[in-house]
Amino acid sequence: MDYSKTFYLPKTDFPMKANLNQREPEILKFWEDINIYKKIIDKNKGKEKYILHDGPPYANGHIHLGTALNKILKDIVVKYKSLCGFYSPYKPGWDCHGMPIEHQVFKEMGKKKNEVDILQFRKKASDFAKKFANIQKEEFKRLGVFGDWENPYLTLSPSYEEDIIRAFGILYISGYIYKTYKPIYWCITCETALAEAEIEYYEKKSPSIFVKFRIIDDKGKNIGEDSYFLIWTTTPWTLPGNTGIMVHPDFDYLVIIDGNEKLIIAEKRFEEIKKISGKDLKIYKKYKGKELYGILCKNPLIERESKVICADIVSGDEGTGCVHTAPGHGEEDYYVGLKNNLPIISPVNEKGEFTDEISDFKGINVFKADKLIINKLKENNFLFYSGEILHSYPFCWRCKNPVIYRSTKQWFLKVDYNNLRETMLDEIKKVNWVPSEGINRISSMISLRPDWCLSRQRLWGVFIPIFYCENCGKDILTQEILDRLCELVRKYGSDVWIEKEANEILPVDFKCPDCGSNKFRKEMDILDVWFESGVSHISVLKEENDLSWPSDLYLEGSDQHRGWFQTSLITSCAIFKKPPYKTVLTHGFVVDGTGRKMSKSLGNVITPDEIIKNYGAEILRLWSIFENYQEDIRISEEIIKNVVNGYRVIRNTIRFLLGNLYDYKREFEIPYDKLFEVDRWAIEKLKLTVRKVTENYEKFAFNKVFEEIYNFCNINLSSFYLDYLKDRLYTYSKNSLERKAAQTVLNKVLINLLILIAPILSFTAEESYQFIPFEKKESIFLEDWPKIEQEDKDLLERWDKFFEIRKIVLKKLEEKREEKIIGSSLEAKLTILSDKDTYEFLKSFYKLNTLFIVSEVEIKESDKFEIKVEKTKNKKCQRCWIYFPQVGKNESFPDLCEKCIDVIKSDFS
RNA sequence: GGGCGCGUAGGUCAAGGGCAGAGCACCGUGCUGAUAACGCGGGGGCUGAUGGUUCGAAUCCAUCCGCGCCCA
């Protein structure tokens, strides 16, 4: 007889095959239709806040795996906190100004910086940034990220620009801002400052000269008369700007005899210099580099001292080991010069000609001056050797001419003003850095960082709000001016700085406080974009945005220790004396399957789009937390395959749970103490899982969250409990305690499971939630996080012992299966011989055979432990497939067991 | 070149001086009432390399190699 119509198989429309790429857009639409983000926010209104402040991605292209990873991690945190009942609004933002966009827009226009109408250009750049902010917005939404997408913050919006200007103004007025010389890349043909991105490197032939700097004060080192430091340079024209000579503190330096003269060079370079010059040089004395510190030399070209200083950037592989230092003409020279208080001299105008400062070469192009300088050095006997060299040199990306380092006045934020550096170093310690190594990184950076250069000679950004008196040159910004300007910017955007004359912005009849003049000009440099994002905490974390300062969490890639974490810390500590964050969480970088970074040239780039198309955003979400994201995160076909596998296990578990709840209703719930012991065990395991999962969410250890959930589904449910439960679910009477108790547990497991996975597997949690066939909330995201309950440790320990025995049983069963004695485990009869304790222990389990999924278990006391497996002699019940001695004894139902006969009679007649 | 990290099975992760482990993949197998599902069993490792400390090292120390981020 066919009994297939007489039992309760799982029934659900929740599909086994996820088909994520098709289904996700439907779920997104559902969320949009019910406005899920607002409903979550409304649900938690008035509760404790948890504010994750979004670091703005740069709006100049499509998202990549790194940006996707970052947004997904943020989304997981916000969803988790929201489910836990926190009021956790998420306001995404975009970084819209800056060089890369400027660069790309110039390219599109086919023009360069000084060929464009500024306002027209800025309009184009603005459109460009908005376009990509919108593209990225859609891409982020596609990932299932919830947030206030209708009201993001953009650094180019007038209100944000106003906040940038106000923040700068506050810092200026309180004394943090000053102006001084700093070398920058400069193209003397285009007469413009260049950014690093506008530099191309080519081979260039340059002079290579060794020059003698006469010692005028050896600080009592007794080096002797007619002594010189020998330096090497490939840019003779920078010699007039020389103010120092670097030596390595740990190198040995030799005083060598060259005729009547003595020369100082590094010992490491001695042989090489002897070879180059072809001279017979003799060693006279030896000094450690650090002993030479402070010796004064004379610049061989002009009347200026040159001081010997120590720096460990000095190379022992080229030159003389004594390095010509012109702080006005090089980045390294500049920083070393700052540290040692060397004057920064840059006697070169914007055309690349020497200024009045160098009377001998006034008006001469620096590159043309090289030859003249070499000749003059030779004439005056300061040239030791002269040759030529082919080396890599920076060129202008536009005109392809070699560029120079030229010092111009730049605006700075002083890090050592008002104890700012100490404040930051103190406050850093109060922040929770996750992982904890982050504190080392940011601390060492803060303790070493130089003043922050805030000005850029660019077009796409917010102008530095400073006026200059045309008469006396004084820089001017008062509270009154700042307030007026902020009002204008709020109304018209930062373009107003260009649109209006200085006098239209300044208060009526404003006069220079120093000289009384009424003529002013505006600063035309813009602010470093890092300053813009660095004040996001001021602009965004406001009451009017429903947010609050400081934020609970910043969550970005580990590169932001140098970037946003630091710039935000500076502005925040300068203005409020406190960091804008309580916790800083960092993640690593996405690399390929072999651990190498992704790049076009390596050809190993994988895009979020490919993953979404082939597998779905859900897989991307799961991948994001599948590995330990605090280190580098690898991605490869194989890894994605693993992720998909993990996903399938969860999905199938959910499907089985749903399928067995098709006829369940909440009022059927069986109270805990009426459940069978094995059901209580399942509940205790669930409690344990909920607790561990929650702990790991709290620690942001999302890969462990998944591991816990996965192991629960796989080891506790799939391998044991659900397999065992099939008999009770399928074959017992619809309203039996066996079935109802099982369903009670399954219902509890299902709803808890869905909540636990919802922050990560949002699509699947929602999709399956909608298949729950009885009364529920509108969305899984409106549920409450399960309460943490202490699990019953005694019960769990008792069952751990059971599982130890079960493991042996399973192995024995497999042996008999191999011997072809049994197939299905239900064909088996177990005999377990054991000591009294174990005997009593086993005896205490209800229907032990069903727990092992065998037909018969016989337990006996014995002095040895042994498990025997044989084929049962009973007959198989055709309905429940268990072998019973009673099968065949009933005439009406000769192929059924007693229980099944009862069920058929009660449920199907 | 410097700073901060990382390196354990094919991949993802555990073990932090005392027998190197888990689930996945793989192989074998059962079931055909979770079926592109589910169950059971199995093989797989010179713990990046080389030295050292120790009775004993994946673990502590040193050097090196490879990879990532930041800086020069």
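Predicted, not measured: the structure shown is a model, and the values here were computed from it. All chains are named by letter (A, B, ...) in the order of the sequence lines, taking the proteins before the strands, and each is independently numbered beginning at 1.
- For the side-chain hydrogen bond (donor to acceptor under 3.5 Å, both in side chains) with A:R879, the qualifying choice from A:T6, A:T731, A:D895 is A:T6, the only one to do so.
- The two atoms that bring A:V314 and A:G321 nearest to each other are CG1-O, 3.5 Å, heavy atoms only.
- Closest to the side chain of A:E638, out of B:C38, B:C70, B:G11, is B:G11.
- Backbone-only engagement by A:K820 is indicated by non-hydrogen atom pairs under 4.0 Å involving sugar-phosphate atoms exclusively.
- Here B:G68 presents its C1' atom at 17 Å from CZ of A:R562, a figure rounded to the nearest Å.
- Closest approach to the A:E437 side chain among B:C4, B:C70, B:C13 is made by B:C4 (side chain taken as heavy atoms from C-beta onward).
- A:L810 comes within 4.0 angstrom of sugar-phosphate atoms only, judged by non-hydrogen atoms across all strands, and of no base.
- Computed from coordinates, the A:Q630 CD to B:G5 C1' distance equals 12 Å when rounded to whole Å.
- At a cut-off of 3.5 angstrom, the base of B:A34 holds no donor-acceptor pair with the side chain of A:T653.
- Figure legend: A:R806 and A:F852 shown without cation-pi pairing, the cationic atom not lying both under 6.0 angstrom from the six-membered ring centre and within 45 degrees of its axis.
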For nucleotides 63-67 of chain B, tabulate all protein N/O to nucleotide N/O atom pairs closer than 3.5 Å, reporting atom names and distance.
| from | atom 1 | to | atom 2 | distance (Å) |
| --- | --- | --- | --- | --- |
| B:C67 | O2' | A:G595 | O | 2.4 |

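- Using a 4.0 Å cut-off, no side-chain N or O of A:K726 falls inside it from OP1 or OP2 of B:C38.
- Screening A:L717, A:L753, A:N716, A:V749 for a side-chain contact (heavy atoms from CB on, under 4.5 Å) involving A:L686 leaves a single residue, A:V749.
- Separating the P atom of B:C46 from that of B:A36 is a span of 39 Å, rounded to the nearest Å.
- Following rounding to the nearest Å, A:I654 (CD1) and B:A37 (C1') show an atom-to-atom distance of 15 Å.
- Residue A:N652 is classed as a base contact, given a heavy-atom separation below 4.0 Å to a base.
- With a cut-off of 3.5 Å on both pairing distances, B:C19 has no Watson-Crick or G-U wobble partner at all.
- Looking at A:V857 and A:V854, their side chains come closer than 4.5 Å, going by heavy atoms from C-beta outward.
- Nucleic acid contact class of A:N660 (heavy atoms, under 4.0 Å, all strands): none.
- For B:G39 and B:G33, the C1' atoms lie 14 Å apart once the distance is rounded to whole Å.
- Between the P atom of B:C40 and the NZ atom of A:K816 lies a distance of 20 Å, rounded to the nearest Å.
- The interatomic distance linking A:F626 (CZ) with B:U12 (C1') rounds to 6 Å, in whole Å.
- B:A49 and B:C65 are spaced 7 Å apart, taking the C1' atom of each and rounding to whole Å.
- As judged by a 4.0 angstrom heavy-atom cut-off over every strand, A:R879 is placed among the base-contacting residues.
- When heavy atoms are screened at a 4.0 angstrom cut-off, A:G823 is found touching the sugar-phosphate backbone but no base atom.
- Checked against B:G23, B:C38, B:G33, the side chain of A:Y730 finds its nearest nucleotide in B:G33.
- Taking only distance into account, the side chain of A:R441 meets the base of B:C69 through a donor-acceptor pair shorter than 3.5 Å.
- Comparing the C1' positions of B:C6 and B:C31 gives an interatomic distance of 45 Å, to the nearest angstrom.
- When each of A:R817 and A:E331 is assigned the nucleotide of RNA chain B bearing its nearest heavy atom, the one mapping closer to the 5' terminus is A:R817.
- The same atom, P, is picked in B:C4 and in B:A62; the two are 13 Å apart, to the nearest Å.
- Under the side-chain contact (heavy atoms from CB on, under 4.5 Å) test applied with A:L756, the options A:V693, A:I751, A:V705, A:L761 reduce to a single match, A:V693.
- Taking the P atom of each, B:G3 and B:U59 are spaced 23 Å apart, rounded to whole Å.
- Inspection of the A:D663 and A:Q743 side chains reveals an N or O donor paired with an N or O acceptor under 3.5 Å.
- Side-chain atoms of A:E627 lie closest to B:C13 of the nucleotides B:G33, B:C13, B:G41.
- Residue-level contact check: A:E815 touches neither bases nor backbone, having no heavy atom under 4.0 Å from any strand.
- Residue contacts shown for A:K811 are limited to sugar-phosphate atoms, with no base heavy atom under 4.0 Å away.
- At whole-Å resolution of the value, CG in A:D559 and P in B:C71 are 9 Å apart.
- Using a 4.0 Å cut-off, no side-chain N or O of A:S825 falls inside it from OP1 or OP2 of B:C31.
- For B:U32, there is no paired base (Watson-Crick or G-U wobble, both distances below 3.5 Å).
- B:G68 has no stacking from A:F589 on its base ring, since the centres under 5.5 angstrom apart and planes within 30 degrees of parallel are not both found.
- Among the atoms of the strands shown, base atoms are found under 4.0 Å from some heavy atom of A:F7.
- Contact check on A:K899 versus A:D727 returns a salt bridge, with a Lys/Arg side-chain nitrogen under 4.0 Å from an Asp/Glu carboxylate oxygen.
- If you check every strand for non-hydrogen atoms under 4.0 Å, A:S719 touches sugar and phosphate atoms only.
- Across the strands present, B:A14 finds no partner; the criterion is a Watson-Crick or G-U wobble pair with both atom distances under 3.5 angstrom.
- Rounded to whole Å, the separation between the P atoms of B:G11 and B:C70 comes to 26 Å.
- A:R651 has a carboxylate O that lies under 4.0 Å from a charged side-chain N of A:E767, or vice versa, which qualifies the two as a salt bridge.
- Pairing of B:U63, defined by two Watson-Crick or G-U wobble distances under 3.5 Å, is identified with B:A49.
- Residue A:N645 is in sugar-phosphate contact alone, with no base atom involved, counting any heavy-atom pair closer than 4.0 Å across all strands shown.
- Distance NZ (A:K871) to P (B:G30): 13 Å, rounded to an integer number of Å.
- Comparing A:L717 and A:N703 by the nucleotide of RNA chain B that holds the closest heavy atom to each, the one mapping nearer the 5' end is A:N703.
- Remark: P of B:G2 and CG of A:D250 are 13 Å apart, rounded to the nearest angstrom.
- Pairing partner, B:C4: B:G68, with both Watson-Crick or wobble hydrogen-bond distances short of 3.5 Å.
- Checking the phosphate oxygens (OP1, OP2) of B:G3, no side-chain nitrogen or oxygen of A:N440 falls inside 4.0 Å.
- Side-chain atoms of A:K876 lie closest to B:U32 of the nucleotides B:U32, B:A34, B:U12.
- A perpendicular orientation is assigned to the rings of A:W433 and A:Y581, their planes being inclined by more than 60° (bins at 30° and 60°).
- Side chain of A:E814, nearest nucleotide from B:G28, B:G11, B:C71: B:G28.
- Going from the P atom of B:C26 to that of B:A37 covers 11 Å, rounded to whole Å.
- Between A:Y405 and A:Y185, the two ring planes are parallel [angle under 30°; tilted spans 30° to 60°].
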* Check against side chain to side chain donor-acceptor pair (under 3.5 Å), A:E708 and A:T689 -> CA-CA 6 Å; A:E708 289 295 339; A:T689 303; 5.3 Å; no
